[in-house]
Amino acid sequence: MSEVVDVRVGERQLRLSNLDKELYPDIGLSKRDVIAYYQQIAPVLLPHLVDRILTMFRCPDGIDAAGFFDKDARRHAPKWLRTVAVSMSSQTQQDPPGYAVLDDVAGLVWAANLAALELHVPQWKVGPRGGRRSPDLLVFDLDPGAPAGIVACCEVALLLRQRLAADGLDSYVKTSGSKGLQLYSPVATTRAEQTRAYARRLARQMTASHPETVVDTMTRSRRAGKVLLDWSQNNPAKTTVVAYSLRARPGALVSTPITWQEVESCRHESDLRFDYRDVLRRVDKFGDLLAPLQAPGAKLPAVDFRR
């Protein structure tokens with residue numbers, strides 16, 4: 001019979017179970033440890049979750065077993081947890097009756113108790129009544145094709161940063177917690193399609209000007225030794241892993257905000273490989289390197305949506 005513990009987190013009462021279950025058997029990290037990490041990292045993580053609907057990647061039997069994406073919070077949610085019935089796309093029949101929106105530590109603990117190791121969110125927020133707002137973030141996912149690696153991603157990230165700056169956009173970077181990088185810019189938009197159209201145009205321009213290192217299509221035969229500049233994550237129906245989220249991979253690696261100086265000096269994969277302990281130390285040192293994403297963003301250059 002599994003262990004069940006009733007705890008109080010802030011003003012909320014939660015029932016936790018299987019706390020000694022090893023979710024990362026390779027390093028002996030238990031669900032108790034995962035919950036503790038999310039509690040500790042909450043001050044910098046929560047601002048990136050507030051008002052964004054949540055997709056969880058859950059691994060109740062640990063990372064060595066098959067995990068699954070879970071969007072339907074209402075199957076598990078306590079009454080106090082905010083859930084939102086909102087469409088991520090025009091195909092509303094694919095949406096669950098309620099996505100979770102986490103805005104406090106208790107919500108994080110609730111998700112971690114479900115073995116939600118990874119937390120994924122879209123680049124837009126919901127309003128107080130649950131309506132979908134226009135995107136406030138632009139994102140590029142830099143994914144290397146072997147034998148290229150994170151060093152190549154850093155080189156492309158620096159080029160992309162310059163290109164965004166030329167359009168008046170500030171950019172901030174984090175590791176994916178896997179093999180690549182993700183660049184974000186805070187933006188002001190009025191239409192859901194704006195960020196996707198702009199990102200697609202810029203990715204194509206980057207591919208044309210740097211064909212030896214950049215590719216903007218997912219076709220495998222074209223990706224070898226290059227960095228995929230994935231602009232498609234700006235589709236309103238897609239999500240990216242949130243900053244400070246664990247990844248369901250050996251070593252309890254984390255999607256970690258990094259400095260541009262670290263990008264410039266990267267010479268080896270290990271330079272930008274951070275686990276949950278590293279990240280807690282980095283937050284003590286740097287605070288939230290992605291805090292500027294919470295500020296109002298710049299307007300995107302005009303884009304022809306028909307192209």
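Annotation: side-chain contact (heavy atoms from CB on, under 4.5 Å) contacts of D72 (sequence neighbours excluded): D70, R74, R75, P96, P97. Remark: P43 pairs with no residue by the side-chain contact (heavy atoms from CB on, under 4.5 Å) rule, at least two apart or across chains.
A salt bridge between R277 and D33 is absent, with no side-chain N of the basic residue lying under 4.0 Å from a carboxylate O of the acidic one. Salt-bridge formation is not detected for the pair R249/D26: no Lys NZ or Arg NE/NH1/NH2 atom is positioned less than 4.0 Å from an Asp or Glu carboxylate oxygen. Contact check on R281 versus D284 returns no salt bridge, with no Lys/Arg side-chain nitrogen under 4.0 Å from an Asp/Glu carboxylate oxygen.
At least one donor-acceptor pair closer than 3.5 Å links the side chain of R247 to the backbone N or O of S176. Proximity of a side-chain donor or acceptor of K31 to a complementary backbone N or O of N113 within less than 3.5 Å is detected. Remark: side-chain polar atoms of R15 are not paired, donor with acceptor, to backbone N or O of V4 under 3.5 angstrom. Proximity of a side-chain donor or acceptor of W260 to a complementary backbone N or O of S171 within less than 3.5 Å is detected.
Minimum heavy-atom separation, Y24 to A252: CE2-CA, 3.5 Å.
None of D103, D104, L102 except one satisfies the side chain to side chain contact (heavy atoms under 4.5 Å, CB included) rule with L49; the exception is L102.
Ring orientation note: the planes of F69 and H120 are nearly perpendicular, at an angle over 60° on the 30°/60° scale.
The list of salt bridge (Lys or Arg N to Asp or Glu O under 4.0 Å) pairs with a residue in residues 224-243, not counting sequence neighbours, is empty.
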